[in-house]
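Okay, so here's the structure we're looking at.
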Amino acid sequence: MGLNELTIRQATEGLKKRDFTSRELVEECLNHIEKIDPQIKAFITVTTDYALEAANRADSLISSEGEKAFNKKPLLGIPYASKDNFCTKGIRTTAGSKILEDFVPPYESTVTKKLEEAGSVLVGKTNMDAFAHGSSTEESDFFTTKNPWDLQRVPGGSSGGSAAAVISDMCIFAIGSETGGSIRGPASWCGVTGLKPTYGRVSRYGLIAMASSTDSPGPITKNAEDAALVLSVLAGKDPLDATSSPNDVKDFTALSKESLNGLRIGKPKSYFDLDIQLDVRKKMEDFLEFLESQGAEIIDLDLMDPKYSIAVYTILQRSEVSSNLARFDGIRFGRDRDNFNFENKKRMMLGAYTLSSGYYEAYYARAQKVRTLIIRDFEEAFSKVDILVGPSMPCVAPELGESKDQPMFGEMMDVLTEPSTIAGLCGITVPVGLSGQGLPVGAQIISDRFDEKIILDIARYYQESTSFHQGRPSV
Amino acid sequence: MKQNIGSKKELLGDYGLVLGIEIHLHVKTQMKMFCGCSNTDLFDAEPNTRVCPVCLGMPGALPVPNKEAVEKTQLLGLALSCEINKHSYFDRKHYFYPDLPKGFQISQYKEPLCKGGIVRLQSGNGILLERIHLEEDTAKSFHEGEETFLDFNKSGVPLIEMVTKPMIYSVGDALEFGREIQEIVRHLGVGDANMEKGQFRVEPNISLRSPLEEKEQKIPEYKVEVKNINSFKFMEKAILSEIKRQKEILDAGKIPIQENRGYDEAKGKTVPQRSKEEAHDYRYFPEPDIPPMKFTSSYIEDLKKELPKLPGEIKKRLISKYDLGQHEADVLYNEELIELFEETGNLIQDYKKVANLLVNRPEHRDKTPEELLSYIAKEKSRIDDSEALQPIIDTVIEENKRIADQVRDGKEEAIEFLIGQVMKKTRGKAAPKTVRELLSEKLTA
């Protein structure tokens, strides 16, 4: 087993015991990137020199302070990849767009700063749909990332580069961001664990905005235990982000579930009534059966039809996109506005329309009202159940090019993640097996705002009894 | 400041003036509106040295609102009898301009911090305010030849916007309104309000209406906003020249175009301004990066307690308590002499005299109350009464006949000797001015 194949927990144990150095761990990841990334194309930028220096620093800290070094720096020496929409000081940050092809930020995002302070080592910046506008990475202005399970298929998006990098062991973990389904989607199609924290749980400072009211940074990892570790580092109030929450940051890493006795699981009828692929449906039934066998009670629920969430999400997200991208006015950042791709332009135009005078009340204002109803719908659900469970995506990873003639591709694929996103809830995707074609299927567990602990615990409980999360493609 | 009727007629003819005023003012805070950049002495800083990712509008940078700026805006609102909105939030206002790095300005649209409000003028006219809101200032652009330069020091400086209802009907009231707001803003410590530094920008919206419209209380269908005014002197000139321009258009049977015009100091008149965007649709929507603000009644009550007495109230108190005139009250307030005035007045129990001295004799303003007391005591013991002085003057003339004759013959310098003699006889207590008057009366009659 290569060092690059380890989880955070395993790698940390090895570093503590001096079985290997951070330099060796980082080099194995870099070598693996060099070997397989020409096929996968997960990375826009590989930060080799930076990573090797950071690994050396980690090693000297470990040799001078020993295990104590990990108390303050829980991710010391661990190589990770960041989606390319997190600003990294002195390291090119493109958000997958030609507009920012040469943009080197003079400041650091809070997420990457916290990871650096925790000792982790950035090995590269991963591919994404330009400005996160997409669900396949096919909207990246540079190249499309391939799904490591089948190179003819998409990895999902917009955090597709991060999910592909993790499942193909080019890093120990990765960071993504979700606005509609951009963590849970690619995690599902690539067979990794993806956590979308509660909106406000993790600072957005330095994250190049897509839709400010739903953007949520989160970890993409090899298992739920690692997700808990990374969330413990990232969570908390940031003085630089007024929407970050002062809510207590619990210890996400302490597993508190010994059985699922008494757990009330909501099964939203409207989610399972959708046009869900047969294989996905089958794996979901297996997943629910497992949970029930461990003592959980499955309760059928009537949640609002996701079609309303899609409408609301589409209007709000496009509105915010049109505003957030206004700063790329061709004066700064070195590149003109004709570098926006078609998808970017389409979203900006739709958003400018829904905000324009005379239409604002009919679209934006109305969407906000429906958003309130959706939030209430979930509140009511959580008065009856502890968590909700459903498929993450309605199908397995589609083939490259399938999204071409589907202008609402993203919304169709994210139909199961967008409702919880617009309500600001947290959710986690875990792999629950392979389809007949050998492609990963992901299930999502959703809980109320700031209740990441419960979904992390359930995901860990599940992964301790199953091995689907350990499946790897042969690249 | 009041205009007489004659000049009003000459200026306006039969038209009535309708003015609304918009004021933008820099809030004096430690930091900028949404970032940690210093907001002190910005005017003197080198270009682009007070900037950060937030006020440069870099991707991923987020605004965090400045509590000090919010409180100062509410304090000004309380001073102007506004309603403090318990639920307020920021909106994004979109337009493209090189000095606006995000492509939108963070401003307030639907729920400003303060609603309503009133400013009472000396004439008794009350000017109603629409609202007071808080926003961020833009960067500054310089044009040199073909090139444009941008200085972002001013980008993100907290800016209060205040708008009146269109209910100012004279140039005098417009000027008084502007000065009154400036005085209150300075008094509260809300801002330095220096017009030349662009910290206090008054923009009158000017239109003229026919006698019929005036009778029916109709607001004209057009208005012209005048910008680029950096002193009250120019404000007056700008309004006068704009009235003249509009009158000519109306006299010719046309309606002036609704537009923004800038005051050109060199030309002494207003000129059309480049419009910022063809179609004005700002696509306002609530700023998603900043949570809405909620204020409790007890918070507002606490803020009220911080409110110092306002200039108008202070002057009113001086006038009624010490029987002073408006001018004396104005000078004592403006020159920050109230404390000296009251302490000295308490010592000698003659407030009128102290006020006269401080108002008319600026050289005494640096003295302590004790110094003023001894000065006034000396003044008081002076023989300044012609009846008392008359016999002494007669004696001196009698004793110095030759010199007195010289004065009679027109040799004016000679009078100085006689004054000296009177001073000698009174041991310096005679008031020289009175002595001179009495002597020349006697000798030149």
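Below, read A as the first sequence line, B as the second, and so on, with proteins coming before strands; counting in each chain starts at 1. What you see is a predicted model; the values in this text were computed from it and never measured.
With K125(A) as the partner, the side chain to side chain donor-acceptor pair (under 3.5 Å) test is satisfied by one option alone out of T47(A), N85(A), T93(A), T45(A): T93(A). Here the options are E136(B), H26(B), K154(B), the test is side chain to side chain contact (heavy atoms under 4.5 Å, CB included), and the partner is L159(B); only H26(B) passes. Looking at S182(A), S177(A), S162(A) one by one, the single match for side chain to side chain donor-acceptor pair (under 3.5 Å) with K83(A) turns out to be S177(A).
Using a 4.5 Å cut-off between heavy atoms, F333(A) touches chain B through its side chain atoms alone. For P239(A), the part lying near chain B is the backbone, with the side chain staying farther off; criterion is any non-hydrogen pair under 4.5 Å. For K110(B), the part sitting under 4.5 Å from any heavy atom of chain A is the side chain, from C-beta outward, and nothing else. Contact annotation for T243(A): both backbone and side-chain heavy atoms come within less than 4.5 Å of a heavy atom of chain B. Interface residue R204(A): backbone and side-chain heavy atoms are both found under 4.5 Å from chain B. Within the 4.5 angstrom heavy-atom criterion, only backbone atoms of Y284(B) (N, CA, C, O) approach chain A. For F103(A), the part sitting under 4.5 Å from any heavy atom of chain B is the side chain, from C-beta outward, and nothing else.
Against chain B, the residues from residues 346-354 of chain A that qualify, each with a non-hydrogen atom under 4.5 angstrom away, are A352(A) in number order. Contacts between residues 61-75 of chain B and chain A, counted as heavy-atom pairs separated by less than 4.5 Å, involve A61(B), L62(B), P63(B), V64(B), P65(B).
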Inset, instruction - Start with the C-alpha distance between I160(B) and I132(B), add both sets of side-chain angles, then the distance that settles side chain to side chain contact (heavy atoms under 4.5 Å, CB included), and finish with yes or no. - result: CA-CA 7 Å; I160(B) 286 176; I132(B) 300 177; 3.4 Å; yes
Inset, instruction - Evaluate the side chain to side chain contact (heavy atoms under 4.5 Å, CB included) criterion for residues I21(B) and N205(B): first the C-alpha distance (whole Å), next the side-chain angles of each, then the deciding distance (0.1 Å), finally the verdict. - result: CA-CA 6 Å; I21(B) 290 183; N205(B) 283 277; over 6 Å; no
Inset, instruction - Determine, stepwise, if the pair H94(B) / F285(B) fulfils side chain to side chain contact (heavy atoms under 4.5 Å, CB included). - result: CA-CA 9 Å; H94(B) 300 83; F285(B) 81 106; 3.6 Å; yes
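Nearest heavy-atom pair, R201(A) versus F450(A), reported as atom, atom and distance to 0.1 Å: NH2-O, 3.2 Å.
In this structure, R337(A) forms a cation-pi arrangement with F96(B), its terminal cationic atom sitting closer than 6.0 Å to the ring centre and no more than 45° off the ring axis.
Not counting sequence neighbours, the partners of Q368(A) by the side chain to side chain donor-acceptor pair (under 3.5 Å) test are Y364(A). Under the salt bridge (Lys or Arg N to Asp or Glu O under 4.0 Å) criterion, R92(B) pairs with E287(B), D289(B), sequence neighbours left out.
A distance below 6.0 Å separates the ring centres of F90(B) and F34(B).
Top candidate by heavy-atom pairs under 4.5 Å with chain A, chosen from C52(B), P101(B), P291(B), G36(B), is P101(B). In terms of heavy-atom pairs under 4.5 Å with chain B, the best-connected choice from L207(A), L316(A), D215(A) is L207(A). When P59(B), G103(B), P288(B) are compared by the number of non-hydrogen pairs under 4.5 Å with chain A, P59(B) comes out ahead. The residue among G358(A), C87(A), S357(A) with the most heavy atom pairs within less than 4.5 Å of chain B is S357(A).
Within 6.0 Å of atom NZ in K93(B), more than 12 heavy atoms from other residues, nucleotides or ligands are found, so the atom counts as buried in its surroundings. Crowding of K345(A) atom NZ: a count of heavy atoms from other residues, nucleotides or ligands under 6.0 Å exceeding 12.
At a threshold of 4.0 Å, the pair D102(A)-R335(A) counts as salt-bridged, since one of the basic side-chain nitrogens sits closer than that to a carboxylate oxygen.
Between S107(B) and H133(B), the closest side-chain pair of non-hydrogen atoms falls below 4.5 Å.
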